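A short worksheet on the structure shown next.
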Amino acid sequence: MFSAKMRKMRGKRLVGFVLCFIALGTTRETHSQTDPHLTQGPQQFASFGDFILKDGISIHDFRLGYRTLGTLNASKSNAVLWPTWLGGRSQDLLTFVGPANVLDPNKYFVILVDSIGNGVSTSPSNSSSQPLMKFPQFTVRDMVESERRLVTETFHLSHLHAVMGVSMGGMQTFEWAVAYPNFMDLAIPMSGSPQSTSSDKLLWTSEIDAIELDPAWNKGNPTGFLTRGIALAEEIDAMNSTSPGYRTNHTNTGEFESFLAGIRNNAKSDAGSVIDQIRQRQAILSLDIPAEFHTTIGQAAKHVHAKLLVFISPQDHMVNPGPAAEFASTMGAPVVRLDSPCGHLSYTCVSIGPTVAQFLANPSSVHDGTITETLKH
């Protein structure tokens, strides 16, 4: 079910060059309509005033967006935190929460969080005092710190059952596990990484450079909608979101001009959305958990006390799977490889929901393995 829903979301891209399977607009909520103990996951906000970032600069009047589903049990032991991917919103995650889905709100108290800079939480696009490029650069660690404050100050929790996330959400999951090793029982990073490699950085830098080449960019003070730079960034994204084999098999040579026109004709974004994306990309560019803790990937992994389940796609051309695999190997944690040419979008082509649910319920029952693509895409 996880992969089927992701596949439906694949064509609804935020700004057109988002990291993976982003859907804005209407998403179908799959939670029970009859259980009175379940909420409908409405958008909520926690206000933290001036939120001090890792570098000492503050985001003024900071609000963190979130949604909850399910009920916290009496022992406060069933909370699961799921932060968003690049450009993603907590609304997008609602579709994965349901009794027969990735997270069952009859079992878990689910906290879906809008990561800093996604246009819902305080961001360049919605800040009145620090708009657009005046908005300070933040890091993946800053995202985690805002989420920790949400968990401890809003929900008064000192422990989580699990932290999980896809892509940038997986990066936050690694950060959580190292920075707060005793705060969760389980950590499930999916296509995430503890460190941006040079290949990752080349991708994100290229996309930012492409955006800033747009004639309307005007040195960070856009004069209108951006189109040409957005189109180029979208082309880079399309080239890397799946494998070369996937693109070759799904777009033959005669169809290429039509494929390219489809990207370019839909490429248009306002200044706020563009700078939201730039700031989140910059956060990914700076991701380096080993350097943050003055150690190696292997030594950082040894500090983790949570049980870890790592999902990687060997054909991922957006987030290099190497650091995640090395991290898991050092811990002796299970790694599930997704055998699919869909690359970074393998979650749209391979069903991992049952494995996630199994790990959440009984982590010792999940081992290294490979899930082979069986779904049509």
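In this text the structure is predicted, and so the values were computed from the model without any measurement. Heavy atoms only: backbone and side chains are in, while hydrogens, waters and symmetry mates are out.
The aromatic rings of Phe62 and Phe51 sit parallel, their planes meeting at an angle under 30°, below the 60° perpendicular limit.
Closest heavy-atom contact between Gly41 and Arg67: O-NH1, 2.9 Å. Pairing each heavy atom of Phe45 with each of Gly65, the nearest pair is CD2-CA, 3.8 Å. Nearest heavy-atom pair across Leu203 and His317 is CD2-O, 4.3 Å. The nearest pair of heavy atoms linking Ala46 to Thr154 is CB-OG1, 3.7 Å. Closest non-hydrogen pair, Ile275 versus Gly220, comes out as CD1-O, 4.3 Å.
The number of heavy-atom neighbours closer than 6.0 Å to CG of Leu213, taken from other residues, nucleotides and ligands shown, is above 12. Heavy-atom contacts from other residues, nucleotides or ligands closer than 6.0 Å to CZ of Arg228 number 12 or fewer.
Under the side-chain hydrogen bond (donor to acceptor under 3.5 Å, both in side chains) criterion, His161 pairs with Asp185, sequence neighbours left out.
Under the 6.0 Å cut-off for aromatic ring centres, Phe311 and Phe359 do not qualify, their centroids lying 6.0 Å or more apart.
Put simply, the side chain of Leu157 reaches to within 4.5 Å of the side chain of Leu72, judged on heavy atoms. Residues Met318 and Leu345 form no side-chain contact, since every pair of their non-hydrogen atoms from C-beta on lies 4.5 Å or further apart.
Ser123 places no side-chain N or O within 3.5 Å of a backbone atom of Asn126 that could act as its donor or acceptor partner. For the pair Ser121 (side chain) and Asp114 (backbone), a donor-acceptor distance under 3.5 Å is present. The backbone N or O of Ala325 lies less than 3.5 Å from no partner atom in the side chain of Ser329, so there is not a single donor-acceptor pair. With hydrogens and angles ignored, the 3.5 Å screen pairs no side-chain donor or acceptor of His305 with any backbone N or O of Tyr180. Using a distance-only test at 3.5 Å, with no hydrogens or angles considered, a donor-acceptor pair links the side chain of Thr84 to the main chain of Ser115.
Rounding to the nearest 0.5 angstrom, the gap separating the CG atom in Leu69 from the CG atom in Leu94 is 6.0 Å.
The pair Glu145-Arg141 meets the salt-bridge criterion, with a side-chain N (NZ, NE, NH1 or NH2) lying under 4.0 Å from an Asp/Glu carboxylate O.
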For residues 130-138, which side-chain donor-acceptor pairs fall under 3.5 Å, sequence neighbours excluded?
residue : atom : partner : partner atom : Å
Gln130  : OE1  : His60   : N            : 2.8
Gln130  : NE2  : Ser58   : O            : 3.0

